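Data first, discussion second: the structure below is written as structure tokens.
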Number of protein chains: 2
Amino acid sequence: MSKKRVTLADVARLAGLSTSAASMILTGRPDTRLSPEAHAKVHEAAATLGYRPNMAARALRTDKTRTLAFISDHIATTRYGNGLIRGALAASEEAGHVLMMLETYGDPAHETRAIDAAIDRQVDGIIFAFVRSREVFLPSITSNVRMVMLNGTNRQCPIAILPDEYQGGCEAVSLLADANFTDGIVLLGHNAEVEEGLFRSGTILSRLNGIRSEMVSRGLGFVDELSSWNWEPENGYKLMKKYLKNSRPKALLCMNDRLAFGAYQALSEAGLKIPEDVSVVSFDNDEIAAYLRPGLTTIGLPHEAMGREAVRVLLDEKIVESETLVAMEPMIRGSVGGAD
Amino acid sequence: MSKKRVTLADVARLAGLSTSAASMILTGRPDTRLSPEAHAKVHEAAATLGYRPNMAARALRTDKTRTLAFISDHIATTRYGNGLIRGALAASEEAGHVLMMLETYGDPAHETRAIDAAIDRQVDGIIFAFVRSREVFLPSITSNVRMVMLNGTNRQCPIAILPDEYQGGCEAVSLLADANFTDGIVLLGHNAEVEEGLFRSGTILSRLNGIRSEMVSRGLGFVDELSSWNWEPENGYKLMKKYLKNSRPKALLCMNDRLAFGAYQALSEAGLKIPEDVSVVSFDNDEIAAYLRPGLTTIGLPHEAMGREAVRVLLDEKIVESETLVAMEPMIRGSVGGAD
DNA sequence: ACTATTTGCTAAAACGTTTTACCATGATTA
DNA sequence: TAATCATGGTAAAACGTTTTAGCAAATAGT
């Protein structure tokens with residue numbers, strides 16, 4: 001039953017050469033002086049035997065496994081940042097690498113275990129990925145394995161990939177401005193005065209800065225700003241429900257899609273049509289955004305591109321320090337109409 | 001800079017013993033005759049040096065990597081079946097294993113590449129996971145690595161984990177029956193006559209069989225059955241929109257949550273309240289189910305449990321053939337009221 | 001015609017474990 | 001007293017590669 005693995009020695013024997021020769025030929029070493037015939041024989045032998053190199057043995061010798069670790073807090077086990085995995089997976093496959101998934105649940109004990117597990121297995125590099133970009137803790141790492149932070153930053157690790165939230169903020173405002181909205185714009189999810197002094201993560205701050213600076217440079221202002229600490233559908237629904245009792249906004253700029261999702265329901269219950277009565281623009285490009293009717297126009301987090309970028313940077317040994325900002329992608333759907 | 005890895009030989013040297021002794025002690029071999037002092041010395045040495053075994057070397061010798069491959073068609077890169085990963089990840093961690101993710105996009109070329117990549121890396125087992133359970137193709141595998149099919153079946157692989165769709169179908173009907181619905185129940189997504197002879201996957205057939213047999217044994221019947229090949233929100237919306245022009249159902253049994261999602265919107269636009277006017281029950285426990293207002297009562301696919309079960313079975317070498325049916329889990333939310 | 005150089009290849013060490021076989025030494029038994 | 005056995009350990013082989021150093025034959029240089 002148990003097929004004996006075919007080894008390099010088998011190939012060499014069949015080809016009538018030494019294992020050294022076989023090794024050099026199969027790994028495609030450049031400056032070797034083996035004859036064309038030798039090459040042919042070895043390749044043929046390898047093909048007929050169906051030879052596959054034993055990566056454990058190779059790893060032992062070369063310290064390279066063509067395996068990367070993807071250590072995330074909540075990425076693999078929730079739907080957030082699924083695109084990160086998609087991108088990372090695709091890019092590693094293209095690079096002939098394989099991804100090892102480890103989840104830490106944001107828990108330090110799990111983090112150390114995950115890191116140990118990865119390093120024990122001699123991974124060529126580690127991607128640390130986080131649901132919400134932020135400055136992040138990490139257990140100190142003794143090994144000098146390559147690392148990149150995906151959607152997060154950490155001073156121990158000088159390579160980071162982040163979404164360009166500032167640019168995203170600008171884009172969102174531009175969308176409304178270009179649709180000729182000049183007033184009646186409500187910001188849903190943040191109020192500058194109310195939240196004075198409260199800490200928002202760096203990435204959210206960038207998003208807000210982008211929004212506010214673009215508003216100013218377009219000569220616009222919000223008619224109202226509705227504050228909410230949590231950006232869940234529930235909050236969007238309640239805030240809008242209450243707000244609609246006395247006001248009729250023309251456009252909603254929602255801090256994320258989940259708030260927008262809640263707002264949709266409140267608007268619908270108030271008999272308001274999107275986009276005829278109210279336009280809505282938002283952030284993240286959550287999966288729900290496409291399901292809503294009409295489709296939600298939103299400035300998408302470029303998760304897939306970020307995932308790809310992470311492995312690209314990780315594999316490029318020349319890069320030793322860099323902070324990459326990946327552009328956010330406006331997803332134009334049906335929720336923004338034109339102002340009168 | 002580059003810290004030299006601390007090796008077993010270092011530990012042995014510090015402990016004043018041979019590597020053989022150190023190895024035996026650290027791997028916790030049972031029937032060795034090394035003294036308690038030897039044990040103590042080795043453990044201490046290992047601790048002070050921070051020794052971590054080189055798994056490549058160990059794998060080379062023992063052919064065990066404590067690594068499993070999770071090869072899926074679209075699981076890792078979409079939000080479907082995220083629970084499968086969650087369960088598999090948790091279970092492998094508990095078992096001291098690590099998961100290697102590979103995605104095939106349902107494409108045979110990717111499948112062979114993924115399988116090769118996994119086997120090259122000497123994984124201890126492979127989980128093949130699929131978004132929709134079905135009989136599934138696989139490139140023939142020469143290696144005699146352990147395999148399990150997760151949410152799918154294949155004759156080459158006699159171990160499979162599947163959701164108990166039949167039982168799920170029964171549960172859904174029971175939910176309505178127990179709420180005293182006796183008539184006005186509409187089935188959304190399937191019509192026995194219209195779809196006569198059309199092929200649905202085995203798992204969907206089981207779901208339908210469960211539904212229909214429980215209906216019969218409860219003495220119930222559907223007042224209407226609305227056929228739709230694709231079960232997307234769009235379809236649910238359109239079907240219900242049209243149906244509501246002439247009819248007023250009391251309860252909706254939706255074939256999945258996405259249909260239900262569409263139906264919600266149609267009901268809302270028709271001014272019907274859930275659950276006061278219409279009760280809704282559905283299948284899958286998609287993430288949207290919890291977001292809807294009111295929360296959607298649905299018979300959940302037990303993805304997490306299935307994922308756990310997959311690694312449990314994979315790691316239990318005694319099991320050589322088995323088909324596990326994992327019970328579906330009714331998620332009671334607010335969408336089912338009581339019949340008058 | 002002898003010494004260098006190139007050509008084409010191989011032997012053997014090394015990577016870090018696990019495991020088998022064996023070796024002292026002292027205690028027990030016959 | 002000699003043979004046996006238990007005790008506590010070690011030496012060395014093996015796993016399958018990669019890589020360094022080197023060897024013999026052929027070619028080139030003087």
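The figures that follow rest on heavy atoms only: side chains count, while hydrogens, waters and symmetry mates do not. Here is the naming used below: chain letters follow the sequence lines, and residue numbers restart at 1 for every chain. Since the model is a prediction, treat every value here as computed from it, not as a measurement.
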Heavy-atom side-chain proximity of Asn54(A) to Thr7(A) below 4.5 angstrom |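 Contact flag for Asn54(A)/Thr7(A) side chains = no.
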Rounded to whole angstroms, how far apart are [atom1] on [X] and [atom2] on [N]?
X        : N       : atom1 : atom2 : answer
Lys64(A) : dC15(C) : NZ    : P     : 16 Å
Glu37(A) : dG8(C)  : CD    : C1'   : 10 Å
Leu34(A) : dT10(C) : CG    : P     : 8 Å
Leu17(B) : dA11(D) : CG    : C1'   : 14 Å
Arg61(A) : dA12(C) : CZ    : C1'   : 11 Å
Arg33(A) : dA25(D) : CZ    : C1'   : 13 Å
Leu26(A) : dG16(D) : CG    : P     : 16 Å
Asp63(A) : dG16(C) : CG    : P     : 8 Å

For dA11(C), does either OP1 or OP2 sit under 4.0 Å from a side-chain N or O belonging to Ser18(A)?
->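 Checking Ser18(A) against dA11(C): no side-chain N or O falls below 4.0 Å of OP1 or OP2.
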Please check the phosphate of dT17(C) (OP1 and OP2 only) for any side-chain N or O of Thr62(B) closer than 4.0 Å.
->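 Thr62(B) to dT17(C) OP1/OP2: no side-chain N or O under 4.0 Å.
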Using a 4.0 Å heavy-atom cut-off across all strands, classify [X] as base, sugar-phosphate, or nothing.
X        : answer
Arg58(A) : sugar-phosphate
Thr7(A)  : sugar-phosphate
Met24(A) : base
Ala59(A) : nothing

Which sits closer to the 5' end of DNA chain D, Ala22(A) or Ala57(B), going by the nucleotide each is nearest to?
->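 Nearest-nucleotide comparison on DNA chain D picks Ala57(B).
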For Leu60(B) and Ala21(B), take the nucleotide of DNA chain D holding the closest heavy atom to each; which residue's nucleotide lies nearer the 5' end?
->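 On the 5' side of the pair lies Ala21(B).
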Below 4.0 angstrom, N of the basic side chain to O of the carboxylate: do Arg113(B) and Asp116(B) qualify?
->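 Judged by the 4.0 Å cut-off on N to carboxylate O distance, Arg113(B) and Asp116(B) do not form a salt bridge.
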Is Glu94(B) paired with Arg308(B) through a side-chain N to carboxylate O contact shorter than 4.0 Å?
->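 Salt bridge between Arg308(B) and Glu94(B), a charged N being under 4.0 Å from a carboxylate O: yes.
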Answer yes or no: does atom CD of Gln156(B) have more than 12 heavy-atom neighbours from other residues, nucleotides or ligands under 6.0 Å?
->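 It does: Gln156(B) CD has more than 12 such atoms within range.
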Between [options], which nucleotide has the shortest distance from any of its atoms to the side chain of [X]?
X        : options                   : value
Ser23(A) : dT18(D), dT17(C), dG16(D) : dT18(D)
Leu8(A)  : dT7(D), dG16(D), dT17(D)  : dT17(D)
Arg29(B) : dT19(C), dT20(D), dG16(D) : dT19(C)

Could a donor-acceptor pair under 3.5 angstrom be found where the side chain of Ser20(A) meets the base of dA11(C)?
->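 When only heavy-atom distances are counted, Ser20(A) does reach the base of dA11(C) through a donor-acceptor pair under 3.5 Å.
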Among side-chain atoms of Thr65(B) and Gln122(B), is any donor-acceptor pair under 3.5 angstrom?
->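 Judged by distance alone, the side chains do not pair up.
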